[in-house]
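In what follows, a single structure is set out as structure tokens and then discussed.
Note: hydrogens, waters and symmetry copies are ignored here, and every other heavy atom, side chains too, is used. Counting from 1, the numbers follow the sequence of the chain as shown.
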Amino acid sequence: MRFDEPAETNPIDQLKVIGQPLSRIDGPLKTTGRAPYAYERHDVAPNAAYGYVVGSAIAKGRIRSLNVEEVQKASGVLTVVTAENAGALGQGNFNFAKLLCGPEIQHYHQALAVVVAETFEQARSAASLLRIDYGPERGSYDLEEVKDTGRPAQITSGPGDSSVGDFAGAFAAAAMKFDETYRTPDEAHAMMEPHATTAAWDGDRLTVWTSNQMVDWGRSELARTLGMPKENVRLVSPFIGGGFGAKLFLRSDALLAALGARAVQRPVKVALQRALVINNTVHRPATIQRIRIGTTASGEITAIAHESWSGNLPGGKPEAAVQQTRYLYAGEHRLTATRLALLDLPEGNAMRAPGEAPGMMALEVAIDEMAEKLKLDPIEFRLKNDTHYVPDNPVRPVSPDPQSIADREKPEPNKRPFSQRRLAECFRVGAEQFDWQKRSATPRQVREGRWFIGIGTAAAFRNNQLTKSAARVRLDGQGVITVETDMTDIGTGSYTIIAQTAAEMMGVPVEKVVVRLGDSMFPVSAGSGGQWGGNCSTAGVYAACVKLRELLAQKFGANSADVQFTDGLVKAGNRSASLAQLAGDAGVVAEDAIEFANLRDSYQQSTFGAHFVEVGVDVATGETRIRRMLAVCASGRILNPKTARSQVIGAMTMGAGAALMEDLVVDKRFGFFVNHDLASYEVPVHADIPHQDVVFLDETDPVSSPMKAKGLAELGICGVGAAVANAIYNATGVRIRDYPITLDKLLENLPELS
């Protein structure tokens, strides 16, 4: 099914099942421990051996020698796989450091061996006997030191740099100017389930039960790395204990489990130990961001620039921190620039809302600072610079999408509209619900006992991304609908919203729908990433169900446009038949995919929101406590308010962590992340997070998909860090531009106790 015209009224609009707050259908499996995760697949891989991965103890250099003799003599050891005996290995498209290194070492804890033994304990013990002589080399581990060597770099969505109008001239002529620099640190995904794989060979065919968000990507990458036909690889990932982007790509656990299993001719299990999850896989890279804003005396933005520096290994990509600044606010003259420096730290790559999450931690503080400079309310300043065209105001760009001139590379604005843009409404609804009018415009004016109290806000923004997604639906003789797609569920509710989609389309209760996910034997879906998964995967199921409806209408002897599917029946005029009858003993199967066409180019599709935060800051210690949080989201049709709210509050929690505590500390002498475990890498716990309110605007976006939904899971983190920072400033009068905002940074600027 090609989606190239805005969606009209369709069966999803009935909202009998879609839009209802159903509990997760996979919940009972997870809460009772019956959901099988990758490392726990004892049922499919009996007599499995265990692999223990050895990571490099240096960040850059060479392996001079690697002696495995003592390891091989150890109790229970079956084999040791290294780059020397693994055979020829290819390079995947998504990882730019080798997943099994030797003799060159590219980063700390890069995998250089896997020890396979009868038990995990034997493998771990034997791994300590590995004797490695390193030839270390000088590496680069400090972004501040190499910042000025950064070069222009492409970002995932296109050019890293953009220019509209004459920023330099407009900024120089601006009545009011702002110019500040912000810093965000390296961050870890810190998911509960480590990267883990169980691998088994059957002749020349390989099956891996692994924890991976993108099944087809993982399958393709593993086949490419092993130099084998893709059709000989099966990847299974039905349950994932957290991903956040770290499991978008093939990682060393899957490759080394496969190599180990091939070497010992029996199944092998590999789980990366926590230190390797952090140093061996991927993380969110640190950034340095400079933001300049020029306005008229009354506060209309005339010039805005956002420049970002980040670092990565050779071949890596930058953090796309400037992306939202191209679309979020008006301004006739605009500039964004992305610079990438070489660092020998572990690989920087996708983490929840890559680009926008750290980018808005800077931009939305800068907007607050500019509002204060102009003596404007922060919300008033944002609304004044919304991008909607105002004919009698020549300062505003003509196009509702302020970046469209640069994106389309045309001499005249193409006036590409946003499919939906309800940022202003998000702020108005949020301000009313959060009692924004009670906020003190002057910092450090509200105190309750030992606490300074402050309120802050920030915009939320994330582009709506669309990816082809396919599904297969089966109707059996009992009237049960089975949906098969390689879509994954990383705790987001994919099982549930896919079941709701099939139930709505086929006119059956959710209890009559079986959902099977995460197997490369199923049709290729969008996968879980980029907040495209929910909208695109359900649209793929929609397409398959449309085809199934057509087949059943033919069997019923009616035109599909004249047939109703309701209460397990197919009806046309005064005739009806049950789905079970039409299926018969043989059943009926349909398969299709949703393919997105020209609408992506005709409209700028984005999601919007507003975050509100109240904090208390201890007058003596600088300790910050979040007291209230609210997110207002405009993100298309909400397919399930319960699972959607869960996604937003989880994102808000991650945003709070990024603001106040998360910081992968780099040992700049030796090039590794010091706090590489869950004990020392601090993330929010229950005591850190208050009750969180979430409001979804009643919105449908027919340009996005037949579901009229859009992405949501990453929108919820965008802007949270800035809202916290702005609230802290409102409470204390102390502006911190270097995240995380820890108490030591506040203490030296807090007022003397009186």
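Side-chain rings of Phe608 and Phe418 approach one another, their centers coming within less than 6.0 Å.
Taking a cutoff of 4.0 Å between a charged side-chain nitrogen and a carboxylate oxygen, Asp148 and Arg339 do not qualify as a salt bridge. The pair Glu369-Arg737 counts as a salt bridge, with a side-chain nitrogen and a carboxylate oxygen less than 4.0 angstrom apart. A salt bridge links Arg450 and Asp618; the closest N-O separation between the charged side-chain nitrogens and carboxylate oxygens is under 4.0 Å. For the pair Asp688 and Arg625, the salt-bridge criterion is met [side-chain N within less than 4.0 Å of a carboxylate O]. Using a 4.0 Å cut-off between charged nitrogen and carboxylate oxygen, Glu699 and Lys708 do not count as a salt-bridge pair. A salt bridge links Arg183 with Glu144; the closest basic N to acidic carboxylate O contact falls under 4.0 Å. For the pair Arg645 and Asp693, the salt-bridge criterion is not met [side-chain N within less than 4.0 Å of a carboxylate O]. Note on Arg627 versus Glu448: salt bridge recorded, some NZ/NE/NH1/NH2 to OD/OE distance being below 4.0 Å.
A donor atom on one side chain and an acceptor atom on the other are found under 3.5 Å apart for Arg735 and Asn726. With hydrogens and angles left out, the side-chain atoms of Gln445 and Asn730 include no donor and acceptor closer than 3.5 Å. Residues Gln323 and Glu356 have side chains that bring a donor and an acceptor to within less than 3.5 angstrom of each other. Counting only N and O atoms by type, the side chains of Glu300 and Ser298 include a donor and acceptor under 3.5 Å apart. Under 3.5 Å, the side chains of Ser419 and Asp701 contain a donor-acceptor pair of N or O atoms. With hydrogens and angles left out, the side-chain atoms of Thr336 and Ser162 include a donor and acceptor closer than 3.5 Å. Judged by distance alone, the side chains of Arg462 and Thr607 never bring a donor and an acceptor atom under 3.5 Å apart.
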How far apart are the C-alpha atoms of Thr287 and Ser310, what are their side-chain angles, what is the distance that settles it, and do they pass the side chain to side chain donor-acceptor pair (under 3.5 Å) test?
CA-CA 5 Å; Thr287 70; Ser310 58; over 6 Å; no
Walk me through it: do Glu145 and Lys668 pass the test salt bridge (charged side-chain N to carboxylate O under 4.0 Å, His left out)?
CA-CA 10 Å; Glu145 281 190 358; Lys668 296 175 183 178; over 6 Å; no
Salt bridge (charged side-chain N to carboxylate O under 4.0 Å, His left out) between Lys375 and Glu380, intermediate numbers included
CA-CA 10 Å; Lys375 295 182 170 54; Glu380 179 188 351; over 6 Å; no
Check step by step if side chain to side chain donor-acceptor pair (under 3.5 Å) holds for Ser704 and Asn464.
CA-CA 8 Å; Ser704 177; Asn464 185 51; 3.0 Å; yes
Evaluate the side chain to side chain contact (heavy atoms under 4.5 Å, CB included) criterion for residues Leu746 and Val617: first the C-alpha distance (whole Å), next the side-chain angles of each, then the deciding distance (0.1 Å), finally the verdict.
CA-CA 9 Å; Leu746 286 168; Val617 180; 4.2 Å; yes
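Applying the side chain to side chain contact (heavy atoms under 4.5 Å, CB included) test between Phe673 and each of Asp667, Asp663, Asp186 identifies Asp186 as the sole match. Just one residue in the list Glu319, His306, Glu307 forms a side chain to side chain donor-acceptor pair (under 3.5 Å) with Gln289, and that residue is His306. For the side chain to side chain donor-acceptor pair (under 3.5 Å) with Asn463, the lone residue among Gln605, Arg326, Gln531, Gln604 that qualifies is Gln604.
Across all non-hydrogen atoms, the minimal contact from Cys633 to Cys426 is C-SG, 4.2 Å.
The shortest side-chain heavy-atom distance between Thr184 and Ile288 does not fall under the 4.5 Å cut-off. Leu664 is not listed as a side-chain neighbour of Val674, based on a closest heavy-atom distance of 4.5 Å or more. Between Val648 and Leu712, some side-chain heavy-atom pair lies under the 4.5 Å cut-off. Side chains of Ser140 and Val146 form a contact here, defined as non-hydrogen atoms less than 4.5 Å apart. With contacts defined as side-chain heavy-atom distances shorter than 4.5 Å, the pair Leu383/Phe427 qualifies. Proximity of Tyr681 to His676: side-chain heavy atoms (C-beta onward) are nowhere separated by under 4.5 Å.
The neighbour count for Asp698 CG, taken as heavy atoms of other residues, nucleotides or ligands under 6.0 Å away, does not exceed 12. Atom CD of Glu432 is surrounded by 12 or fewer heavy atoms from other residues, nucleotides or ligands within 6.0 Å. Enclosure of atom NZ in Lys745 by more than 12 non-hydrogen atoms of other residues, nucleotides or ligands within 6.0 angstrom is indicated.
Side chain of His189 to backbone of Ala246: a donor-acceptor contact under 3.5 angstrom is found.
Taking CZ of Arg352 as the start and CD of Glu187 as the end, the distance is 12.5 Å to the nearest 0.5 Å. Distance CD1/Ile304 to CZ/Phe171: 10.5 Å, rounded to 0.5 Å.
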